[in-house]
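What follows is a set of notes on a single structure, which appears directly below.
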Amino acid sequence: MDIYDRMKVDVPVGEVRGMKIAKFEVLHPDDWGDVAEGRKDVVSPLQYVRMELDGRAPEPGWYTRLSEGDTVWMSDTTAERRDHAKPVLVIGSVKAERVIINGLGLGMVLAAALSYDHVKHVDVVEADDRVIALVGPHYLKDPRVRIHHGNAVEQMKKWGFDERWDVGWTDIWPEVSPGNLPQMQEFTEFYGARCGFHGNWAEDIAKRLAWDNRYLDEGYVEYLTRDDEERFEQEDEDAEEDGDDEDE
């Protein structure tokens, strides 16, 4: 089974105190036609073009999203599944038995973890009781799942000294920002010592933003390793050379 298929969710629609799960369809603008006019469950051509410009246009089809008002917390589009592919790859490659996930969301990584027979236990930490009420019951049918209601930072203080996992993944941030890096480092230091692998959602992008804004007095560049800096320096040099070649 393809890892992206493993991450496709089947959480039922519902709403709890403003938090909502809904299904929506993505159509290519060429296939929009009159049939989609007036529908609220389809991505508009303008939205599609914007996503396409960002390199995040999903493949046509039906998807699930978790939202609060006009703010989308998460969806299982192909682009978002790509954002969460790394822990799923590791779970499969090392045949992980124990997994820790900070941030339930729609449960994309959780669904993928449970699709592997070698996974014996998954701990999930989620701060929002509405998300647990909406999404939790779908996954708690599987006895391998345990959901902990609480703040992910505070939960680190509650784990037993000998608690260990094979793979850890943290996704608790509503948007990509260099301001997430201090907290990401905290999670990496804690779970890095307790997991064979631990990763943070969009950490590379947040680091790149810190690098691009390193001359501003924000201080986030201190969270970049020397390897990060050398990689970004090389990327900038390559981009500059490509630009020079185009000008010739």
Side-chain angles (χ1 to χ4, degrees), residues 1-14 19-33 35-36 39-93 96 99 101-116 119 122 124 126 131 134-135 138-139 142 167-177 180 184 197 199-209 235:
M1 183 188 297
D2 183 274
I3 64 165
Y4 297 110
D5 291 335
R6 294 179 186 274
M7 298 167 74
K8 181 73 174 174
V9 304
D10 189 28
V11 182
V13 300
M19 189 68 71
K20 184 178 181 180
I21 293 177
K23 307 292 182 180
F24 67 100
E25 186 177 12
V26 173
L27 294 173
H28 190 278
D30 293 344
D31 301 324
W32 180 261
V35 68
R39 285 177 53 186
K40 295 182 179 180
D41 63 346
V42 63
V43 170
S44 72
L46 180 58
Q47 290 174 302
Y48 185 93
V49 170
R50 286 173 176 168
M51 290 186 290
E52 197 169 38
L53 290 172
D54 291 336
R56 299 183 62 80
E59 297 176 5
W62 282 91
Y63 299 93
T64 305
R65 68 178 160 222
L66 175 69
S67 61
E68 183 179 24
D70 294 329
T71 302
V72 177
W73 282 39
M74 174 180 276
S75 70
D76 66 343
T77 61
T78 45
E80 291 216 35
R81 277 181 269 173
R82 189 165 59 246
D83 294 342
H84 294 77
K86 190 168 185 178
V88 180
L89 284 169
V90 178
I91 289 170
S93 63
V99 178
I101 301 170
N102 291 303
L104 173 58
L106 284 172
M108 285 195 298
V109 176
L110 175 56
L114 296 176
S115 72
Y116 290 103
V119 171
V122 184
V124 182
E126 173 56 52
V131 176
L134 279 169
V135 182
H138 178 74
Y139 294 106
D142 192 313
V167 175
W169 183 247
T170 300
D171 175 17
I172 63 170
W173 302 279
E175 60 186 7
V176 180
S177 169
N180 300 335
M184 288 179 174
F197 164 85
N200 297 300
W201 168 76
E203 183 170 6
D204 283 346
I205 303 174
K207 285 185 173 182
R208 178 74 224 197
L209 290 171
E235 288 177 1

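Worth saying up front: this structure is predicted, and the values here are computed from it rather than measured.
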Original post:
Would you say Trp62 and Asp41 make side-chain contact, with heavy atoms under 4.5 Å?
Top reply: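 In short, these two side chains touch, coming nearer than 4.5 Å.
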
Between [X] and [Y], what is the shortest heavy-atom contact and its length?
X	Y	answer
Gly14	Leu134	C-CD2, 3.5 Å
Val99	Ile101	CG1-CG1, 3.9 Å
Trp201	Trp169	CA-CZ2, 3.6 Å
Met7	Ala85	CE-N, 4.0 Å
His84	Glu80	ND1-O, 2.9 Å
Val131	Gly105	CG1-O, 3.7 Å

Set of side-chain hydrogen bond (donor to acceptor under 3.5 Å, both in side chains) partners for [X], sequence neighbours left out:
X	answer
Ser67	none
Thr64	Lys23
Tyr116	Arg6
Arg56	Asp83

side-chain contact (heavy atoms from CB on, under 4.5 Å) against [X], all qualifying residues, sequence neighbours excluded:
X	value
Arg65	Phe24, Val72, Ser75
Pro45	Pro29, Trp32
Asn102	Ile100, Val125, Ala152, Thr170, Ile172, Phe187, Tyr191
Ser177	Asn180

[X]: partners by salt bridge (charged side-chain N to carboxylate O under 4.0 Å, His left out), with sequence neighbours left out:
X	result
Glu203	Lys207
Glu68	Arg130
Glu59	none

**OP:** Could you walk me through whether Val43 and Met51 pass side-chain contact (heavy atoms from CB on, under 4.5 Å), step by step?
**Re:** CA-CA 10 Å; Val43 170; Met51 290 186 290; 3.6 Å; yes

How many angstroms lie between atom [atom1] of [X] and atom [atom2] of [Y], to the nearest 0.5 angstrom?
X	Y	atom1	atom2	value
Leu89	Ile3	CG	CD1	4.0 Å
Leu27	Arg39	CG	CZ	6.0 Å
Leu106	Asp10	CG	CG	11.5 Å

Subject >> Pair Tyr4-Thr78, side-chain contact (heavy atoms from CB on, under 4.5 Å): steps then yes or no >> reply: CA-CA 7 Å; Tyr4 297 110; Thr78 45; over 6 Å; no

Original post:
So does Lys20 have more than 12 non-hydrogen atoms from other groups sitting under 6.0 Å from NZ?
Top reply: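 No, because the 6.0 Å sphere around NZ of Lys20 holds 12 heavy atoms or fewer from other groups.
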
**OP:** Could you pull out all residues at least two apart from Tyr139 that satisfy ring pair (Phe, Tyr, Trp, His ring centres under 6.0 Å)?
**Re:**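 For Tyr139 there are no ring pair (Phe, Tyr, Trp, His ring centres under 6.0 Å) partners, ignoring immediate neighbours.
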
**OP:** Kindly say whether Ser44 contributes a backbone atom to a donor-acceptor pair with the side chain of Gln47 at under 3.5 angstrom?
**Re:**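 Yes; judged by distance alone, with no hydrogens or angles, the pair exists.
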
